[in-house]
Amino acid sequence: MSSFSENVRVSAGKLRALLPENCHKLKAPKGLLANGVGSRAAVSWEPVRGADGYEIYEKNGGEDFFRIQTVALPRTVLENRKPGTKYIYKVRAYRLASGKLRFGKWSREAATEIALNGKTTLKNLLRTALMPLGTTMYIWGGGWNEEDNGTGADGCRLGLSPAWRAFANLQTPFYQYGRYRYWHGLGLDCSGYLGWVLYNVMNTEHGSEEKGYVMKAGEFAPYLAKKGWGTCVKPEQIQNYRAGDIMSTDGHVYLVIGECSDKSVVLLHCSPPGVQLCGTCMPDRDPDSEAVKLVKRIMKTYQPFWYLRYPKCERDISYLTEYLQFRWVLDGNGVMTDPDRYRDAAPEFILKELFREGR
């Protein structure tokens, strides 16, 4: 009779993976996000399997990276950051194995600005809005609470959820969002997405539902204006589109990246199949717009896997005719500032700069 070992063949790679001395290998943290909120910096990332904790490194200006904190959870809040300063972070996981401290691979770097005045910047807003792109599916009710009347756990979490990425990785080009209505925890809908973005640029407390911004899509523009953060105008009063504008109507809400020279608009939103970068047609309804062409180039370059599965990125004339427009006040007395001059920047410049930072 042959022995068990003689009947089982294990590849060298699989066998090495089972050996104790290799159990300490840790992957790089994904989804690193940093947000300057007032004088604080909220830094978050997706947890690494097998990690006992994480080291956070920081730099600003021409300095070298230095270790700023060691934490157990996949997020932290750093106090007393210098106003008007750009900070860059990277993170690695560690675990204690055989009496030795073992370190994993470094995350990508993530940057944020501490506003000189106000609470945050347009660049922080747009950088945060790009983070779920390519890793988050559309889930009806995603980001809402169980009662479906306000912010839920995913709408007020600091950073990305690993469950969003895991669910997105399982999907095919034929994703049927109707099968997952109210499957909380797997993704976001349009209001849940924008609520999550606003929460992350305005808060440093993880999981505070009462401080959330998830609401009916049509309420976003008037609500933010009522808070005194900007102005709200009707569709027929809109003269142009600028970075950071929030467009809302009954049933949908989106965030403007910028307006192209042919008056088409580049935008971010969460609409089936998921968080997407899209371009509108021209005001004369011509679908062959600069915005659509730009989005296709950007997605092919920076999000090729998502673009291969979900190439449709055109949006019709309703996006230019049926939405209220909220525009942030940037006079230094409100919550939003724009030291990077993003408001009047071309959408191509904004997207390339943010993607090249590493997202």
Side-chain angles (χ1 to χ4, degrees), residues 27-35 44-48 74 91 107-112 123-140 142-143 154-155 157-177 180 183 185-197 200-201 252-258 266-279 291-315 347-348 350-359:
K27 294 183 178 180
K30 295 180 179 180
L32 182 64
L33 173 63
N35 254 311
S44 60
W45 56 94
E46 296 173 42
V48 175
V91 176
S107 69
R108 63 166 186 85
E109 296 176 6
T112 191
K123 187 173 184 179
N124 286 342
L125 175 73
L126 299 181
R127 181 192 288 118
T128 300
L130 277 171
M131 285 299 297
L133 180 65
T135 63
T136 305
M137 306 304 294
Y138 179 90
I139 297 288
W140 185 294
D154 273 3
R157 64 172 295 115
L158 288 183
L160 301 169
S161 168
W164 301 348
R165 185 187 301 273
F167 182 70
N169 287 342
L170 294 174
Q171 305 314 310
T172 72
F174 312 104
Y175 177 64
Q176 297 178 338
Y177 75 92
Y180 303 102
W183 283 40
L186 297 182
L188 300 168
D189 65 12
C190 66
S191 295
Y193 164 65
L194 190 59
W196 174 86
V197 172
N200 274 264
V201 298
H252 197 51
V253 61
Y254 71 84
L255 177 66
V256 174
I257 296 293
V266 178
L267 62 97
L268 276 164
H269 64 160
C270 190
S271 180
V275 175
Q276 301 176 72
L277 183 66
C278 291
V292 171
K293 293 175 183 176
L294 172 60
V295 168
K296 288 182 177 180
R297 292 198 306 270
I298 291 290
M299 291 301 292
K300 286 179 181 178
T301 302
Y302 297 104
Q303 288 286 338
F305 183 66
W306 180 274
Y307 185 74
L308 182 65
R309 287 190 298 175
Y310 311 114
K312 181 175 174 55
C313 53
E314 304 88 354
R315 288 299 179 264
E348 183 169 9
I350 292 173
L351 289 170
K352 286 185 176 179
E353 181 169 271
L354 292 177
F355 274 111
R356 286 169 181 170
E357 279 188 351
R359 232 181 41 84

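From a predicted model like this one, the values you see are computed outputs, not experimental measurements.
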**Request:** Verify, without hydrogens or angle tests, whether S107 (side chain) and V91 (backbone) share a donor-acceptor contact under 3.5 angstrom.
**Result:** yes
**Message:** I'd like to know if the side chain of Y193 reaches the main chain of G143, judged simply by a donor and an acceptor atom lying under 3.5 Å from each other, with no hydrogens or angles considered.
**Reply:**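 Looks like no, no N/O pair under 3.5 Å.
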**Request:** Consider only side-chain N and O atoms of D154 and S161, and report whether a donor and an acceptor are under 3.5 Å apart.
**Result:** no
**Request:** Sequence neighbours left out, what passes side-chain hydrogen bond (donor to acceptor under 3.5 Å, both in side chains) with W45? Give chain and number order.
**Result:**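 side-chain hydrogen bond (donor to acceptor under 3.5 Å, both in side chains) check on W45 returns nothing, list empty.
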**Prompt:** Looking at residues at least two apart in the chain, or sitting in another chain, which of them share a side-chain hydrogen bond (donor to acceptor under 3.5 Å, both in side chains) with R165?
**Reply:**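 Residues passing side-chain hydrogen bond (donor to acceptor under 3.5 Å, both in side chains) with R165: E46.
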Can you name the nearest heavy-atom pair linking [X] to [Y], along with the distance?
X: P162; Y: R157; value: CD-NH2, 4.3 Å
X: I139; Y: F167; value: CD1-CE2, 3.8 Å
X: D189; Y: C270; value: O-CB, 3.7 Å
X: W196; Y: G159; value: NE1-O, 3.0 Å

**Message:** Contact between L354 and K123 at the side-chain level, heavy atoms closer than 4.5 Å - yes or no?
**Reply:** yes
**Message:** Within the structure provided, determine whether S271 and H252 are in side-chain contact (heavy-atom separation under 4.5 Å).
**Reply:** yes
**Request:** Would you please classify the geometry between the Y180 ring and the Y175 ring as parallel, tilted or perpendicular, with 30° and 60° separating the classes?
**Result:** parallel
How far does [atom1] of [X] sit from [atom2] of [Y], to the nearest 0.5 angstrom?
X: R356; Y: Y302; atom1: CZ; atom2: OH; value: 4.5 Å
X: M131; Y: L160; atom1: CE; atom2: CG; value: 4.5 Å
X: S44; Y: L32; atom1: OG; atom2: CG; value: 7.0 Å
X: N124; Y: N200; atom1: CG; atom2: CG; value: 11.0 Å
X: L194; Y: L125; atom1: CG; atom2: CG; value: 8.0 Å
X: L133; Y: F355; atom1: CG; atom2: CZ; value: 5.0 Å

N/O donor-acceptor pairs under 3.5 Å from side chains in residues 291-301, not counting sequence neighbours:
from	atom 1	to	atom 2	distance (Å)
K296	NZ	E314	OE2	3.4
T301	OG1	R297	O	2.9

**Item:** Y310: ring-ring contact (aromatic ring centres under 6.0 Å, His included) partners, not counting sequence neighbours
**Value:**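 Counting only residues at least two positions away or on another chain, Y310 forms a ring-ring contact (aromatic ring centres under 6.0 Å, His included) with W306.
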**Item:** Residues which pass ring-ring contact (aromatic ring centres under 6.0 Å, His included) with Y138, listed by chain and number, not counting sequence neighbours
**Value:**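 So Y138 forms a ring-ring contact (aromatic ring centres under 6.0 Å, His included) with Y177.
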**Asked** L351 and L277: side chain to side chain contact (heavy atoms under 4.5 Å, CB included), yes or no, with the steps?
**Response** CA-CA 10 Å; L351 289 170; L277 183 66; 4.0 Å; yes
**Partner set under side-chain contact (heavy atoms from CB on, under 4.5 Å) for A111, not counting sequence neighbours** =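 Expected list: K86, I88, R127, E357.
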